[in-house]
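Just so you know, these numbers come straight off a predicted model, no measurement behind them.
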Amino acid sequence: MKIENRQQFLVVLTIAAFALLVGVNFILEPLGGWWSSRQAQIKDLQTRVDEGRLIIKREEGIRSRWDSMRKNSLPANTSQAEQNVLQSMSEWARSSGVDLTSVMPQWKTESTNYLSLACRVESAGNMGTLSRFLYDLEKGPMALRLDSVELSSRDASGEKLTMGLELNGLALTLPGKK
């Protein structure tokens with residue numbers, strides 16, 4: 001090979017190597033990253049679409065559950081809501097045979113869409129009456145959530161029990177509440 005051809009060959013080889021370096025580092029890798037991010041985005045969107053289809057299939061059940069929750073929530077009028085809770089507590093206590101010793105309601109405003117009624121209830125009875133009271137409270141249609149239960153014995157044999165409950169009630173202040 002002649003020197004002139006060798007120099008031209010090396011120049012062409014250097015230019016090709018530089019073009020390959022630029023192509024790999026500045027074109028191929030960014031395109032590969034872009035492609036991967038697009039694939040991840042497409043997969044995420046497909047998952048969202050599938051979840052949306054499932055929600056659409058369950059629309060009737062979700063709407064009926066929401067309507068039930070709206071109808072059974074406490075009234076937005078705080079005094080009326082307290083009266084409803086106290087009246088229901090009295091009925092459940094009377095039907096189960098539990099002695100209510102104290103009921104202390106306290107309102108909490110956490111949002112403009114709802115109010116919550118935190119209520120501390122102290123009661124006394126035996127295991128059967130207290131469990132019946134809890135059952136009535138949980139199965140009632142009122143929007144109450146039982147947060148904690150404390151049981152303690154008032155006698156050595158464990159026949160007479162006291163029970164402390166912490167409840168939360170939900171009052172929706174949304175305009176469409178029925």
Trace of the side chain to side chain contact (heavy atoms under 4.5 Å, CB included) decision for Asp50 with Leu54
CA-CA 6 Å; Asp50 292 342; Leu54 288 174; 5.8 Å; no
Exercise. Side chains of Leu137 and Leu165: does their closest heavy-atom pair fall under 4.5 Å?
Worked result: yes
task: State, yes or no, whether a side-chain contact exists between Leu172 and Lys71 at a heavy-atom distance under 4.5 Å.
output: no
So the salt bridge (charged side-chain N to carboxylate O under 4.0 Å, His left out) pairs with at least one residue in residues 28-48 (sequence neighbours excluded) are Asp44-Arg48
message = Within the 4.5 Å heavy-atom criterion, are Leu161 and Asn126 side-chain neighbours or not?
response = no
Closest heavy-atom pair, Leu74 versus Ala81, reported as atoms and distance to 0.1 Å, is CB-CB, 3.9 Å
Leu20-Phe9 co-clustered via ILVMFWY side chain contacts under 4.5 Å: no
dist Phe26:CZ -> Leu21:CG (nearest 0.5 Å) comes out at 7.0 Å
Margin query: Is it the case that atom CD in Glu60 sees more than 12 heavy atoms from other parts of the structure closer than 6.0 Å?
Written below: no
From the list Asp136, Leu130, Leu134, side-chain contact (heavy atoms from CB on, under 4.5 Å) with Arg132 holds only for Asp136
Heavy-atom nearest pair, Leu146 first then Val149, reads CD2-CG2, 3.7 Å
Tyr114 reachable from Trp66 in the ILVMFWY side-chain graph, under 4.5 Å edges: yes
Check your understanding: Side chains of Thr162 and Ser152: is there a donor and an acceptor less than 3.5 Å apart?
Key -> yes
Here the gap from Arg65 atom CZ to Arg70 atom CZ, rounded to the nearest 0.5 Å, amounts to 13.5 Å
In this structure, CZ of Arg145 is separated from CD of Glu166 (nearest 0.5 Å) by 10.5 Å
- Query: With a 4.5 Å heavy-atom cut-off, do Val98 and Trp92 have their side chains touching?
  - Reply: no
Self-check item: Met142 side chain reached by Val85 side chain, heavy atoms, under 4.5 Å
Solution: yes
Notebook entry, point to check: Between Asn84 and Pro75, is any pair of side-chain heavy atoms under 4.5 Å apart?
Noted result: yes
With a 3.5 Å cut-off and no angle check, do the side chains of Ser64 and Asp67 form a donor-acceptor pair? no
When rounded to the nearest 0.5 Å, the distance separating CD of Gln106 from OG of Ser116 is 9.5 Å
Donor-acceptor contacts, no H, no angles, side chain residues 118-125, under 3.5 Å, sequence neighbours left out:
from: Arg120; atom 1: NE; to: Glu122; atom 2: OE2; distance (Å): 2.9
from: Arg120; atom 1: NH2; to: Glu122; atom 2: OE2; distance (Å): 2.7
from: Arg120; atom 1: NH2; to: Glu150; atom 2: OE1; distance (Å): 3.0
from: Ser123; atom 1: OG; to: Met163; atom 2: O; distance (Å): 3.4

Rounded to the nearest 0.5 angstrom, the CG-CD distance for Leu117 and Glu82 is 6.0 Å
Closest heavy-atom pair, Ala143 versus Ser73, reported as atoms and distance to 0.1 Å, is CB-CA, 3.7 Å
| said: Within the supplied structure, the quantity of interest is the number of heavy atoms (other residues, nucleotides, ligands) at a distance under 6.0 Å from Arg154 CZ; does it exceed 12? | reply: yes
Between the CD atom in Gln87 and the CD atom in Gln80, the distance rounded to the nearest 0.5 Å is 8.5 Å
Pairs of donor and acceptor atoms involving the side chains of residues 30-37, under 3.5 Å and at least two apart or interchain, shall be tabulated with distances.
from: Ser36; atom 1: OG; to: Gly32; atom 2: O; distance (Å): 3.0
from: Ser37; atom 1: OG; to: Gly33; atom 2: O; distance (Å): 3.4
from: Ser37; atom 1: OG; to: Trp34; atom 2: O; distance (Å): 2.9

query: Would you say the side chain of Leu115 lies within less than 4.5 Å of the side chain of Thr173, judging by non-hydrogen atoms?
result: yes
